[in-house]
Every structure is written in structure tokens, then in C-alpha cells.
Amino acid sequence: MTGTGTDGGASDTGTADAPVVLGGVVKTFGRVRALDGLDLEIRRGEVHGFLGPNGAGKSTTVRLLLGLARADAGRLRVLGGDPWRDAVLLHRRMAYVPGDVSLWPGLSGGEVLDLLARLHGGVNRTRRAELVERFELDTTRRSRGYSKGNRQKVALVAALASDAELLVLDEPTSGLDPLMEQVFRQAVAHEAARGRTVLLSSHVLSEVEVLCDRVSIIRAGRVIESGTLAELRHLTRTAVTVELGGVPPAAAAADLQAVPGVHDVAVDGVRVRFDADPAGLTAAVHLLGRWPVTALQASPPTLEQLFLRHYAGADPARSPARPAVGAS
Amino acid sequence: MTTSRVGVATDRPPARRAPDAAGAGRLVRLQLRQERWALPAWVAVLVLTAVSTVSAIRGLYPGAAERAALAAGIAADPSLVVLTGRVATTSVGGLTSWRLGVLLSVAAGVMGLVTVVRRTRGDEDAGRGDLLVAAGAGRAAATVAALAVAGAAALAVGLLTAAGLVSQGLPVTGAVGLAGSVAGSALVFAGVAAVTGQLSGSGRAAVGSAVTVLAACFALRALADTVAGLGWLNQVSPLGWPAVVQPFGADRWWDLVRYPATAAVLALVAVAVSRRRDVGVGLLPPRPGPAGTRVLAGRWSLSLRLLRGPGVGTVVGMAALGALAGSVGADPAGLLQSTPAVEDLLRRIGGPGGLVPAYLATMGAMVGLFVAAQAVAAVLALRREETAGRWSLLLPQPLSRVRMLVLHLAAALLWSALALAAGGASMGAVLAGRTGRGGLLGDALAATVVQFPAVLVMAAVAALLVGAMPVASGAAWLAWGAAVVLGQLGGLLQLPGWVTGLSPFAHVPRLPAVAMSWTGPIGLLVLAVAVVVLAAVGLRRRDAG
């Protein structure tokens with residue numbers, strides 16, 4: 001299940017045109033391997049969610065894409081160029097929002113916006129004025145006095161107002177209030193509708209679930225899952241709760257336990273709960289059909305469950321032998 | 001005494017208010033740990049300078065007659081009197097005190113003020129102040145702790161310097177007087193910085209204000225030593241107090257009390273203000289900024305803007321220094337209108353150049369050293385931008401690293417050139433105006449502007465560190481310090497030519513005392529370009545941000 005994206009041929013969009021293609025990328029900091037053979041493909045026009053626990057290598061990956069750091073090994077193509085060698089040319093077509101925005105304390109927000117606009121070249125001024133208004137940004141405040149959320153807004157407005165083809169957003173909503181998160185989602189959806197490609201590194205799963213076409217989960221310097229949300233869901237279990245009339249829950253539980261692909265069976269009063277993976281779901285439903293079911297609830301795996309399964313638990317990748325440390 | 005305003009939930013107001021300096025003891029330990037490299041380095045440099053100066057003077061001028069001749073030479077060199085004051089006694093101790101009294105007082109003062117600002121407003125600017133106050137430290141605790149840490153460093157400097165001087169065979173009374181003056185200066189300027197740290201809007205502004213006070217004290221002292229009738233100014237300036245205490249002369253120990261007394265008053269003011277002030281903000285409210293800019297047209301103007309504060313400060317400071325040097329030189333009762341005997345002596349010591357050109361050349365070199373400090377600080381600001389995370393906004397723009405480095409260097413050096421010109425022009429204008437000799441304007445300008453290639457080399461060295469060895473970029477200050485020591489002490493210690501030649505300033509022609517020679521400046525330019533190329537190569541190869 002690793003790196004479905006890089007296999008390329010299986011997908012309907014061609015790899016040749018993909019704005020970001022990373023293959024087997026390795027980056028070490030001293031003795032720490034922050035990226036350990038990372039594969040990632042982002043297709044044109046998609047919003048790609050980039051998920052992973054702290055220190056998994058998300059920010060390191062982003063820094064490689066921007067040419068801020070140089071990979072030790074592996075293939076890297078960003079918008080058809082080498083992100084390290086062709087940094088200046090590529091940056092005309094990219095925009096970036098760091099997760100922790102640091103502004104010049106003496107400059108006002110408006111001055112920073114103008115400065116970044118001139119550095120970048122193509123910026124739509126009307127669009128920027130619109131974004132400043134929607135994000136309710138006070139451009140006359142000096143950056144020294146901005147809260148974290150307001151600093152984040154400055155970087156977001158600068159990036160969204162640019163005409164970049166590829167937006168790289170590294171935890172862009174950290175520090176934003178829920179209303180501003182809403183504005184952010186609308187803005188990103190708008191950009192995606194205009195055909196821009198977005199890499200969204202985030203911990204806000206609801207945001208990723210709403211915005212992203214495809215998702216990659218990184219763990220200890222490798223992408224361990226990649227695909228559409230539907231594909232990823234297909235790989236995980238459905239949570240089922242049933243109430244049975246006339247059948248003792250304990251007996252039903254014992255029968256269910258015997259079905260391959262059914263896990264974590266538990267009795268809760270008159271209810272029985274269990275998780276079924278895709279292979280076991282059919283058999284479990286057949287079994288239930290033999291009993292008088294009075295209530296049934298089946299919830300598809302949320303991204304959060306998916307996520308928790310990969311983040312926590314006894315995964316060999318998180319073994320103590322290999323500390324998961326990286327610049328984040 | 002206010003009662004608790006959140007007392008709704010509690011039955012009674014707290015028995016007593018938590019002291020404003022609560023937690024200062026713990027903060028002292030934290031700050032000592034934060035300063036564990038810097039403070040021992042300061043103390044070691046100060047003490048070693050003192051000890052090596054004594055042994056050099058003893059070794060080079062063993063006889064009373066040789067020392068008297070040296071003192072006569074010093075008295076005849078106005079630039080030396082401006083820098084280090086007058087010789088009071090010609091014993092080994094007296095000459096040591098003349099050489100070190102002002103020099104080490106300035107250095108110890110810088111140690112005190114930098115330490116205090118870094119551990120008060122510096123920590124606040126980084127957001128750590130909020131954390132400490134939220135964790136239960138009093139609002140004045142960081143200030144109290146920083147003063148205690150600076151005081152401990154001052155004590156160490158005092159004790160070790162005194163011990164070092166005594167170990168070189170100097171009398172204890174004089175050694176205590178001199179060491180006490182140096183340590184006292186550290187205390188006083190720690191106090192000054194504690195106050196400016198409360199008033200200013202940021203740590204950098206606080207350092208700027210405190211350095212301005214230090215420079216003003218230096219100017220008062222220089223006037224006291226050079227202009228007839230202004231000797232009383234030494235009573236006002238802490239940097240003039242070594243001349244009041246007179247180590248190895250009258251040894252007026254009780255005058256050492258001035259230092260801790262002044263420091264205590266300043267500390268009380270600082271603590272009183274810090275109890276009222278919001279954490280992380282100066283006393284003056286922040287002004288709103290413009291909603292946009294047409295001026296910040298890009299990379300180059302950003303660097304110019306970021307370096308504007310220190311740049312303007314250096315230009316103004318050099319203009320003031322030039323005016324001071326010019327008025328000293330033009331004083332009718334002063335040093336340049338000396339007797340034929342002195343002129344004869346100087347001709348024998350310094351060659352045929354004559355008194356005024358030699359004076360201008362020496363002052364020009366001094367301006368060059370100050371401007372080199374500005375250039376080094378300005379180049380290192382680029383590294384500070386990186387550690388603050390702001391390269392993460394700039395480099396993802398279509399801006400190459402090399403271009404960023406070169407433009408930043410150019411902006412830094414533009415300010416350097418302006419400061420050199422301002423120092424020379426104001427020195428020359430004052431001299432020319434007072435003496436009526438218009439040619440002196442051009443001479444003074446030449447004396448400072450000719451320093452530019454050496455400043456360029458110092459800036460290039462800093463750029464090399466930022467580009468290739470960013471973690472060690474602070475070492476650029478070591479290079480600058482070495483240039484100062486070689487320039488200031490090289491002649492006195494009679495170091496061999498290849499050692500003094502390590503300083504780029506040694507290759508600058510001493511205009512207008514000698515004719516212009518292009519080999520030195522051109523060599524420096526070539527060297528600087530080569531070093532900048534290495535810096536660019538290093539920057540291109542490394543990870544950024």
C-alpha cells in the first residue's frame with residue numbers, strides 16, 4: 001500500500017505533468033535521517049493533503065521542495081525543474097506559507113505585503129485587497145504587534161494573492177480562529193477551482209477532509225499511505241453497532257468473533273460493537289442477517305481514525321531503534 | 001497597596017502582594033547558564049589585556065628615563081590624548097593606568113550593557129519574558145537578576161584584574177584603584193542598560209540608546225582631557241572617573257564609591273519602571289505604520305531599511321566624533337598649537353608629516369575602526385534574519401541567495417561609506433572653520449574615506465562566516481577585536497610587522513600624513529572580492545533557514 005501515487009500508471013492523470021514528483025528522497029541532519037526514502041507525487045490541479053505526526057519530516061519535505069535545503073539522495077522534480085538548482089525560476093511560479101511566520105518587527109503588515117508582492121512579481125492587487133478584507137487584516141499595524149494568527153494571515157494573503165501555479169502551505173491555519181479557518185477554506189477551494197495545485201500540510205483533519213482530493217501520510221521520513229480519501233477508507237475498518245432482539249449479546253459476540261476480518265468485538269448492554277475490515281464486512285453482514293436486528297449503526301472510518309491508526313499503535317516504523325526526529 | 005480585584009472567589013485578599021522580584025534567584029541561575037560562554041570570555045579578555053599590557057610596558061620601558069620620554073611623546077600626540085587621556089604618573093603603574101583606564105572601562109561598560117539588555121529585553125523580544133512572568137516570576141525579576149549577573153561579572157573582572165596587576169609586581173593600592181574603576185564601569189553601564197531596556201521599544205533599540213550614553217560619556221571625557229578649562233567634565237562622566245581616582249598616583253579610593261552609587265540609583269529607576277511597564281512593550285506606545293509601501297521596491301531597499309536605524313546612528317555618531325576631534329584639534333590653547341620643542345620631538349618620532357596630518361591620520365583610523373564595527377554588525381544582521389525564520393519568507397520568492405547576500409552587503413557598505421564621509425567631513429569642517437585653513441576639509445575627508453577598503457575586508461570576513469560557517473558567525477567580532485588590539489596596542493607593544501600586518505587597517509595609507517599609495521587599498525579590494533566569492537559559494541551550498 002505504500003506510495004500508490006508514484007506507481008503512476010494506475011492513475012488516470014499522467015505523471016509526466018505532475019507538479020511535484022519526489023522519489024526515494026533522503027535527507028539527514030547529522031546522524032538523524034529526517035527523510036528516509038520518501039516518495040510523493042502531487043498531480044496538477046489537485047489539493048493534496050500532507051499528514052503526519054510531529055517530527056515525521058513534513059516540514060523537511062517542504063523545505064526541499066522550496067530549495068531551502070538540499071536532498072542527500074533521491075529524485076526531485078518541482079514544476080519540471082530541480083528545486084535546488086532552479087530555485088529562483090521555480091519560485092516565480094510557487095508561493096509558500098510557513099507554519100510559523102516570522103515578520104520584520106518594524107514593518108507594518110501592508111509594507112510586508114507590498115514587499116513580498118514586488119519580490120514575487122505577479123500579484124493581483126484587486127484580489128489582494130479582497131483577501132485583506134475577508135481575512136479582516138489591519139495592514140497598518142506593525143508586525144511587532146501582530147498575534148500569531150495575524151502574522152499567519154499576512155503570509156496567507158501574500159501567497160493567495162500571487163498568481164503562483166503551486167501553493168505550498170505548511171500548517172497554514174495554525175493560530176487562525178474558526179471564522180478565519182472558514183475564510184481560508186473558501187479561499188483554497190476557490191484557488192483549486194481555478195486550476196492551481198495546492199500542497200496542504202496540516203493537522204486539522206476536518207480541513208483536510210473537506211479540501212483535499214488526495215492525501216499522503218508520512219511517518220518517520222517515509223510516505224506510508226497515499227491516495228484519495230475513498231481509497232484510504234477502503235483500507236480501513238468500518239465501526240458497527242447493533243442491537244439484537246431475542247439473541248443473547250454474548251452469544252452473538254462469540255459468533256462474530258469467529259468471522260475473519262472482524263475485530264474488537266465488545267458487548268455493551270444490549271448492544272454489540274465491532275470493527276470490520278473490508279474483507280470481513282460481507283461475512284459479518286451475512287451473519288447479522290440471520291438475527292433479528294432492531295437497530296444498526298455503521299460508521300465509515302473517519303480520517304481521524306485512519307490517522308490515529310497510523311500515528312499511534314505498535315507500528316514498527318516508530319520503534320525506539322529509529323527515533324523519528326526532523327525539522328518541523 | 002491595592003487589594004485583589006479578582007477576589008470574588010476568595011474569602012480574603014492575599015495577605016501580602018507577591019514581591020515584584022519574585023523568582024529573581026532562580027532567574028540568576030538561568031541567566032548564568034545562558035551567558036556561560038559569553039561572560040567568561042569577556043572576563044578573560046579584559047584580564048589578559050590588563051596583565052599583558054603591564055608586562056609589555058615593564059619589558060619595553062624598564063628605566064625611568066625611557067618612561068619619561070614615552071610620556072612626553074604621548075603628551076605631544078593629541079590623538080592619543082583624545083583616546084586615552086593624559087599620563088598622570090610615569091611609573092609602570094601610571095603608564096598602565098593611562099593605557100588601560102579608558103580602554104578597559106569602555107570594554108567593561110559594553111560587557112555590562114550588552115549582558116543586561118540581552119537578558120531583559122532580549123528575552124522579552126523572543127517571547128521568553130511572557131513565559132517567565134506567567135510561570136510566577138515577578139515583572140522586575142529579570143531586571144534584578146540581569147543586574148546581579150552583570151554585577152557578578154563586574155566583581156570577577158575587578159578581583160581578577162587586581163590580582164593580575166599585583167602578580168605583575170604593581171602596588172596593591174593602585175591595582176585596586178584601576179581594577180575597581182574597570183569593574184565599576186561595568187556596573188554603571190549595566191545600570192544604564194537596565195533603564196534603557198525599560199524605555200525602549202525593543203532590545204536592539206535599548207542597546208542603541210545605552211551605547212549612545214556610553215559614547216556621550218566618552219566625548220565628555222575626551223573634552224575634559226583636551227580642552228583647557230573643561231577638566232571638570234571628568235567628574236561628570238563615568239569614563240572620566242579613572243582620572244579622578246588616579247590609580248598609582250593619588251589613589252583616591254573613596255572616589256570608587258561613585259560607581260556602585262550611580263549603578264544603584266539606575267537600578268532603582270529601572271526596577272521602578274519595570275513594575276509599571278507591560279511585559280514585552282516599551283514605555284512609549286507603538287505607532288501605527290503605513291498601510292503599504294512604494295519605497296520598499298525589493299530586495300535592496302529591504303536591506304537598506306533593515307539597516308536604517310544602526311546606519312543612521314553610525315552616521316550621526318561619526319559626525320559627532322569628527323566634530324569632537326575637529327574641535328580638539330582646533331583648540332587654540334590645545335594640542336596642535338604646541339611648542340617648537342614638541343614639534344621637533346614629533347618630527348623625530350613620526351617623520352616629516354607634521355602634527356596636523358599625523359593627527360588627522362590617527363583620527364581617521366579610529367573612525368575606520370568604528371565604522372568597521374557597524375559594517376560587521378550590519379552583515380551579521382543577515383544571519384539574525386535567518387535564525388529569526390525570515391529567510392523562509394524571502395527565499396521562496398524568486399530571489400537567489402547570492403543576490404540576497406550581495407545586495408545586503410551593498411546596503412551595509414553604503415551606510416559604512418556614508419559614515420566614513422560624515423566623520424571626515426565634520427572633522428574637516430570644524431577644523432577648517434576654526435583655523436581658516438580650508439584645505440583641511442579635504443585632508444580630513446581623505447583620512448577617513450581611505451579606510452573604506454579595510455572596512456570592506458572586515459565586512460567580507462563577516463559575510464564569509466554567514467555564508468560558510470553560519471553557526472560561528474559571531475566570530476566576526478573576534479576578527480574586529482583583533483584589528484582593534486593590533487591597531488591600538490601593536491605600536492606600543494612593538495609587535496613585529498607581520499603580526500600588525502594581519503589587520504587590514506595596517507595596509508591603509510596614513511593620509512594625509514603620507515602620500516597616497518594604491519598598492520595597499522587595491523590589495524585589500526582584491527582580497528575582499530575573493531572573500532565575498534567564497535562566502536557566496538558557501539551560501540549556495542548550504543541549507544538555509
Side-chain angles (χ1 to χ4, degrees), chain A residues 27 29 59-60 62-70 84-85 87-122 128 132 138-145 154-155 158-159 162 164 168 170 327, chain B residues 121 124-127 201-205 278 280-282 285-310 381 384-404 407 539-545:
Chain A
K27 175 69 182 173
F29 295 106
S59 291
T60 302
V62 165
R63 284 161 46 76
L64 292 182
L65 295 181
L66 292 163
L68 289 172
R70 188 181 206 167
W84 176 264
R85 206 193 52 222
V88 174
L89 278 175
L90 294 178
H91 290 171
R92 287 185 212 288
R93 299 158 59 196
M94 297 169 71
Y96 168 56
V97 176
D100 190 2
V101 179
S102 173
L103 304 176
W104 296 270
L107 300 189
S108 71
E111 285 181 300
V112 173
L113 285 177
D114 276 340
L115 169 72
L116 294 177
R118 288 186 199 243
L119 284 176
H120 196 271
R128 199 182 84 188
V132 164
D138 177 358
T139 51
T140 64
R141 280 269 285 276
R142 288 189 198 275
S143 306
R144 182 177 288 123
V154 172
S162 74
V168 180
D170 190 1
Chain B
R121 287 312 292 276
E124 279 182 41
D125 287 354
S202 71
R204 288 177 66 195
D278 295 351
V281 189
R287 289 168 297 130
T293 174
R294 280 170 206 288
V295 186
L296 281 183
R299 309 113 215 213
W300 148 257
S301 50
L302 175 67
S303 285
L304 269 187
R305 166 74 181 267
L306 293 178
L307 301 174
R308 187 175 64 183
R384 205 170 45 238
E385 289 289 296
E386 181 181 13
T387 49
R390 290 190 279 270
W391 283 15
S392 300
L393 281 184
L394 281 186
L395 289 179
Q397 308 296 342
L399 166 63
S400 84
R401 299 167 180 207
V402 173
R403 202 170 152 77
M404 177 179 75
L407 290 170
L539 188 60
R540 278 178 60 134
R541 297 167 68 95
R542 74 176 175 89
D543 290 351

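Within every chain, numbering begins at 1; the chains are lettered A, B, ... in the order of the sequence lines, protein sequences first and strands thereafter.
A distance of 6.5 Å separates CG of B/Leu394 from CG of A/Leu115, quoted to the nearest 0.5 Å. Between the NE2 atom in A/His120 and the CG atom in B/Leu399 there is a gap of 12.0 Å [rounded to 0.5 Å]. A/Leu66 contributes atom CG, which lies 8.5 Å from atom OG of B/Ser392 (distance to the nearest 0.5 angstrom). B/Leu306 CG to A/Leu107 CG: the interatomic distance, rounded to the nearest 0.5 Å, is 6.5 Å.
With a threshold of 4.5 angstrom between heavy atoms, A/Val132 does not approach chain B through any atom at all. Of the two parts of A/Arg144, only the side chain, counted from C-beta on, holds a non-hydrogen atom closer than 4.5 Å to a non-hydrogen atom of chain B. For B/Arg401, the part lying under 4.5 angstrom from a heavy atom of chain A is the side chain only. With a threshold of 4.5 angstrom between heavy atoms, A/Leu103 approaches chain B through its backbone and through its side chain.
Using a 4.5 Å heavy-atom cutoff, the side chains of B/Pro396 and A/Met94 are not in contact. Side-chain contact check for A/His91 versus B/Gln397: every heavy-atom pair is 4.5 Å or farther apart. Here the side chains of B/Arg390 and A/Pro105 are in contact, with some heavy-atom distance below 4.5 Å. For the pair A/Ser102/B/Leu393, no side-chain contact is recorded, criterion being any heavy-atom separation below 4.5 Å from C-beta on.
When every heavy atom of B/Arg541 is checked against every heavy atom of A/Arg70, the shortest pair comes out as O-NH1, 4.0 Å. Residues A/Trp104 and B/Glu385 come closest through the heavy atom pair NE1-OE1, 2.5 Å.
Most heavy-atom pairs under 4.5 Å with chain B, from the set A/Leu116, A/Leu90, A/Val168: that is A/Leu116.
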